[in-house]
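Reviewing the structure listed below.
Every chain is numbered from 1, with letters handed out A, B, ... down the list of sequences. These figures come from a predicted structure and were not determined experimentally.
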Protein chains: 2
Amino acid sequence: MADHKVKAELFDQFARIGQALSSGRRIEILDVLANGERSVEGVAEQVGLSLANASRHLQLLREAGLVSSRREGTFIRYRLAAPEVYEFWTALRSLANKRLAEVERLVEAYIGSLDGLEAVTREELYGRLSSGDDLFVIDVRPGEEFAAGHLPSAVSIPLEELKKRLDQVPKDREVVAYCRGPYCAFAPEAVAHLRAQGYRARQLEDGLPEWAAAGLPVEAGGGVRTGRGGRPKRPAAKVPADQSRPPNNP
Amino acid sequence: MADHKVKAELFDQFARIGQALSSGRRIEILDVLANGERSVEGVAEQVGLSLANASRHLQLLREAGLVSSRREGTFIRYRLAAPEVYEFWTALRSLANKRLAEVERLVEAYIGSLDGLEAVTREELYGRLSSGDDLFVIDVRPGEEFAAGHLPSAVSIPLEELKKRLDQVPKDREVVAYCRGPYCAFAPEAVAHLRAQGYRARQLEDGLPEWAAAGLPVEAGGGVRTGRGGRPKRPAAKVPADQSRPPNNP
DNA sequence: TCGCTTCTCAAATTATCGCTTGAGTAGTGG
DNA sequence: CCACTACTCAAGCGATAATTTGAGAAGCGA
């Protein structure tokens, strides 16, 4: 008879994934990393954690095989370990949406009511862009994420800078804003602000990761800041060994 | 600017699902429940937990919206709250399989090497059953799970009873055994034993939940024991209110 | 009603987790 | 070599979690 202890160990392995996802902060990290590689400090800043704490969370995610990292100079850049990880995160949030009534209430509290702000579907936007429609597409995520990948014709105006850079948004064209996904407040806020200023603005359904996962075209590169300064990214950085090492138990 | 605290709360909700799956014991419980309703004691017995402990784990799963329960006399029967929960569990194990090298090693240690025991695919089995092939299909799960649902032509011979009931297995027909899924050792053990006794035996790929999820036909009913005794199940039990109540925070 | 079964709850123990603080390490540039 | 940046590690604290034990509660059946 097969050992009861071995069975327990096997299911404990499955639980490692669950354990990695048992902290809201770690899920936030995954959501950020779905938008592109980030340094530890970048993650810490986006999620609102101390550096040491973010470092620890990232290590836990790496031990669960969900993210991997590589060194680039003094930076260590983390990213999702595989596309399946992103798919799993979408499966998790979809399940939570269906099974936890609380999610709906909080989404409304965080994102705001989406009534009247009907989103542009990916298909519609892709079709209109392909047919040469005169749309102005804004990527309102932090510049680093824009650089890691963005819609083909998009312009990067991080939400933080939107108010200062309103003059760069044409008033006579229809504006479409997008951000990190369905649980990101950047695009809804941008749209609300633009509308209040008299622009014709809507948001794209979901965000860039979903666009990319749907197989639609994504461009990379474009003005970026690497640290907290503003210096442009070196065009080609050396790419040292991957530190993702297949995680095994001690 | 949308509140940072609200965002944290939202992601903490997603983490509730992860938290529910952060214990190997709870995942084992889900795997058992995927094979049909179970009383608390039934779950405790299958997973190897004390009654009070199993009760607690089931409550946690219910608070995460993954299982629901109903009272039936003095029993309280738990089940998966929705088909999506089962699908999520398959997604979890698939991800763990891809990302955690440890899983492969443990599966081999627990299930045994499957080399040379090529499984019958669902399609092949369904086709052969439909065309009237003379197969003998054995359900080697506990009788309670057989009663909750089984392959149309299957015979229930729980693994525990297989040795005593070998005379009920025809030696001149091809035998196909199945159990709970890819991480259940019942069918592989049954096949190994049958082969050692000279039977032509193979196992079905995966188990009953996967068969059902593939949309293939499932029959319910058939000799069952409800408690630990052996008395037959009453043909129709009253079905009181569902205790699954959409879970919200306190 | 009483006794029985099945399950839940409360309390207590032990283990684990999340986070902070402060020291330590790895790579970069002068 | 030194100073600096980016990150990791170790210690420690308070908060949660897992499990056991023993005491209830809820629904039979007689």
Using a cut-off of less than 4.0 Å, is there contact between a side-chain N or O of A:Y78 and OP1 or OP2 of D:dT8? yes
Examine C:dC7: is either OP1 or OP2 under 4.0 Å from a nitrogen or oxygen in the side chain of B:Q59? Give yes or no. no
Which stems, defined as runs of 3 or more consecutive Watson-Crick or G-U wobble pairs with both pairing distances under 3.5 Å, involve DNA chain C? C:1-30 with D:1-30
Presence of salt bridge, A:E210 and A:R180, under 4.0 angstrom: no
Identify each atom pair where a protein N or O and an N or O of nucleotides 15-19 of chain D are less than 3.5 Å apart, giving names and distance.
unit_1 : atom_1 : unit_2 : atom_2 : d
D:dA18 : OP1    : B:R26  : NH1    : 3.1
D:dA18 : OP1    : B:R26  : NH2    : 3.0
D:dT19 : OP2    : B:N53  : ND2    : 3.4
D:dT19 : OP2    : B:H57  : NE2    : 2.5
D:dT19 : O5'    : B:N53  : ND2    : 3.0

B:R38 CZ to C:dC7 C1', straight-line distance once rounded to whole Å: 17 Å
How many Å lie between CG on B:L51 and C1' on C:dA10, as a whole number? 16 Å
Which distance, rounded to the nearest 0.5 Å, do you find between the [atom1] of [X] and the [atom2] of [Y]?
X      : Y     : atom1 : atom2 : answer
A:Q46  : A:L33 : CD    : CG    : 10.5 Å
B:Y110 : A:K7  : OH    : NZ    : 4.0 Å
B:L58  : B:R26 : CG    : CZ    : 10.5 Å

Could you list the residues that satisfy side chain to side chain donor-acceptor pair (under 3.5 Å) with B:W89, not counting sequence neighbours? B:D31
Shortest side-chain distance from [X], nucleotide among [options]:
X     : options               : result
B:R71 : D:dT5, D:dA26, D:dC7  : D:dA26
A:S55 : D:dT8, C:dC9, C:dT28  : D:dT8
A:I76 : D:dC7, D:dG22, C:dT21 : D:dC7

Any donor-acceptor pair under 3.5 Å linking the side-chain atoms of A:D206 with those of A:Y183? no
Test item: side-chain donor near acceptor, A:Q59 and A:R62, under 3.5 Å: no
Evaluate the side chain to side chain donor-acceptor pair (under 3.5 Å) criterion for residues A:R16 and A:Q13: first the C-alpha distance (whole Å), next the side-chain angles of each, then the deciding distance (0.1 Å), finally the verdict. CA-CA 5 Å; A:R16 282 172 68 186; A:Q13 290 299 316; 2.7 Å; yes
